[in-house]
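Single-structure report; data block below.
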2 protein chains.
Amino acid sequence: MPHSPPARAPQAGHDHQDCVRAALQAAERRCAQSGARLTLVRKRVLELVWDSHAPVGAYALLDALKAEGQNAAPPTVYRALDFLLEQGLVHRLERLNAYVGCPHPMGPHSAQFLICQTCGQVQELEDPAIGAAIRAGAERLGFLATRQTIEVEGLCQACRTA
Amino acid sequence: MPHSPPARAPQAGHDHQDCVRAALQAAERRCAQSGARLTLVRKRVLELVWDSHAPVGAYALLDALKAEGQNAAPPTVYRALDFLLEQGLVHRLERLNAYVGCPHPMGPHSAQFLICQTCGQVQELEDPAIGAAIRAGAERLGFLATRQTIEVEGLCQACRTA
DNA sequence: TCCAGACTGTCATACTATAACAGTCCGTTC
DNA sequence: GAACGGACTGTTATAGTATGACAGTCTGGA
């Protein structure tokens, strides 16, 4: 592996090109391993999602593709996103109807998302204690939890100190 | 208070009319206390939301209103829902773009939702340990959590045993 | 080379939500 | 009781998000 995965808490000054490169390389590995085909459209959509640490809407991706002269319609984008979601390469933020890149696509996945109200950036948190607390709470009501959506709004460190 | 709030884990055989009555009475109290006006439209929408413990979409509510002969358009429903959300009388489920009644509108609100994949019913869970775990996990990244969306899919007790 | 399956292009449409403006109701003030 | 102001509702139009369906193309394997 050329270098460690991108920081979980991206700083304003970080070299975002590193994030993008790392994400694309991880995606290549992930797909090679699973036998999935990371085609041009899919790869381009993944790059566009990674253009920032902020979530992007499907129609913003569509506009970006069109601006590059690609023949693109809503299904183009949604199919690519479906593929990327299946492969664990991006996540969907339900509150925002938007998508972010996953910084550690090879790992386990019951992630939590921290959405900054000020700068709009999203950090992914992977805290086993949270998942465990939820499973335990659910189990007390006899409920068997299989999938969790956890999205937290608030202020990121950079915006708090600023 | 005429009787205790509806059970958090509604059973197939429970008398749902009790739930509805209790919810409407709690809503009246809540609004009387806050000075908000629970008008006819708002009350009717709240009743329709409470028709079951399963989440209802805005356009299903709209159809129901129209079927009753009311003049109704999307804003009619969305305004009523906005009001009910503000008053804490209903919750929105982001994963489903749908709404459920809140069984304890007078209490504090950082609730978690358990959505059964089989029967579609939703239970509200209010476990302080979950909120605390999330705030703690976020704080370790320097993130100040102000609002949480927690939606858990799985199997409810009734569907597990069935 | 042919075939089957996966992928993409394209058109149409469904579903979810809000903007904007006019009209109505209701309590308050004078 | 009349005028006023604010909250609420009706109505039309439109924005934003997502999917169905079908035809054409590409790719790898028999």
Side-chain angles (χ1 to χ4, degrees), chain A residues 27-28 30-32 34-49 54-87 89-100 120 149 151, chain B residues 27-28 30-32 34-49 54-87 89-100 120 149 151:
Chain A
E28 302 273 17
R30 175 80 175 78
C31 290
S34 71
R37 288 166 58 189
L38 188 61
T39 63
L40 271 182
V41 183
R42 291 167 174 176
K43 194 167 174 177
R44 188 65 193 118
V45 168
L46 180 59
E47 273 186 291
L48 288 169
V49 167
V56 205
Y59 278 71
L61 295 169
L62 178 57
D63 290 343
L65 287 179
K66 280 182 183 163
E68 294 173 352
Q70 299 227 12
N71 286 336
T76 312
V77 171
Y78 281 103
R79 288 197 283 237
L81 287 172
D82 284 346
F83 171 85
L84 297 170
L85 286 167
E86 266 173 23
Q87 298 297 318
L89 300 171
V90 303
H91 293 292
R92 174 177 163 83
L93 292 166
E94 301 291 341
R95 285 190 64 77
L96 306 176
N97 297 328
Y99 305 82
V100 282
T149 298
E151 300 176 8
Chain B
E28 302 273 15
R30 175 80 175 78
C31 289
S34 71
R37 288 166 58 189
L38 188 61
T39 62
L40 272 181
V41 182
R42 291 167 174 175
K43 195 167 174 177
R44 187 66 193 118
V45 169
L46 181 58
E47 273 186 291
L48 288 169
V49 167
V56 204
Y59 279 71
L61 295 169
L62 178 56
D63 290 343
L65 286 179
K66 280 183 184 162
E68 294 173 354
Q70 299 228 9
N71 286 335
T76 312
V77 171
Y78 281 105
R79 281 180 197 139
L81 287 172
D82 284 346
F83 171 85
L84 297 170
L85 286 167
E86 267 173 22
Q87 298 296 317
L89 299 171
V90 304
H91 293 292
R92 175 179 161 81
L93 293 166
E94 301 291 342
R95 285 189 64 77
L96 307 176
N97 296 329
Y99 305 82
V100 282
T149 298
E151 300 176 10

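Order of the sequence lines sets the chain letters (A, B, ...), proteins ahead of strands, with each chain counted from 1. For the numbers below, each heavy atom of this structure counts, side chains included, while hydrogens, waters and symmetry mates do not.
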For this session: Please say which of A/Leu62, A/Asp63, A/Leu65 ends up in a side chain to side chain contact (heavy atoms under 4.5 Å, CB included) with A/Leu48.
Result: A/Leu65
Would you tabulate the pairs of protein nitrogen or oxygen atoms and nucleotide nitrogen or oxygen atoms of nucleotides 16-20 of chain D closer than 3.5 angstrom?
from	atom 1	to	atom 2	distance (Å)
D/dA18	OP1	A/Arg92	NH1	2.6
D/dA18	OP1	A/Arg92	NH2	2.7
D/dA18	OP2	A/Tyr78	OH	2.9
D/dA18	O5'	A/Tyr78	OH	3.3
D/dA18	N7	A/Tyr59	OH	2.6
D/dA18	N6	A/Tyr59	OH	3.4

For this session: Give a yes/no answer on whether the side chain of B/Arg42 brings an N or O atom under 4.0 Å of OP1 or OP2 in D/dC8.
Result: yes
Problem set entry | Whole-Å gap separating P (C/dT16) and CG (B/Leu85) | 16 Å
Exercise. Would A/Glu94 and B/Arg95 pass as an ion pair if we require N to O under 4.0 Å?
Worked result: yes
Problem set entry | Straight-line distance of A/Arg30 CZ to A/Leu38 CG, nearest 0.5 Å | 11.5 Å
For this session: Give a yes/no answer on whether the side chain of B/Asn71 brings an N or O atom under 4.0 Å of OP1 or OP2 in D/dT11.
Result: yes
Problem set entry | Separation of atom CG in B/Leu62 from atom P in C/dT16, rounded to whole Å | 11 Å
Exercise. After noting the C-alpha distance and the side-chain angles of B/Gln87 and B/Ser34, does the key distance pass the side chain to side chain contact (heavy atoms under 4.5 Å, CB included) rule?
Worked result: CA-CA 8 Å; B/Gln87 298 296 317; B/Ser34 71; 3.0 Å; yes
Problem set entry | Distance in angstrom units between B/Leu65 CG and D/dT9 P, rounded | 12 Å
Exercise. For A/Thr76 and C/dT10, is the shortest distance between a side-chain N/O and OP1 or OP2 below 4.0 Å?
Worked result: no
For this session: Specify the separation, in whole Å, of atom CG of B/Leu38 and atom P of C/dC25.
Result: 19 Å
Exercise. Once you round it to whole Å, what is the distance between C1' of C/dA17 and CD of A/Glu94?
Worked result: 16 Å
Exercise. Please give, in whole Å, the distance from D/dA7 P to B/Glu86 CD?
Worked result: 12 Å
For this session: Drop me the distance from A/Arg44's CZ to A/Gln70's CD, to the nearest 0.5 angstrom.
Result: 8.0 Å
Problem set entry | Pair A/Leu85-A/Tyr99, side chain to side chain contact (heavy atoms under 4.5 Å, CB included): steps then yes or no | CA-CA 9 Å; A/Leu85 286 167; A/Tyr99 305 82; 4.2 Å; yes
Exercise. A/Lys66 NZ to C/dT8 P: how many Å, rounded?
Worked result: 18 Å
Seminar exercise, completed: Value for OG1 (A/Thr76) from OH (A/Tyr78), rounded to nearest 0.5 Å, stands at 11.5 Å
Problem set entry | Rounded interatomic separation in angstrom, taking CG from B/Leu40 and C1' from D/dG10 | 15 Å
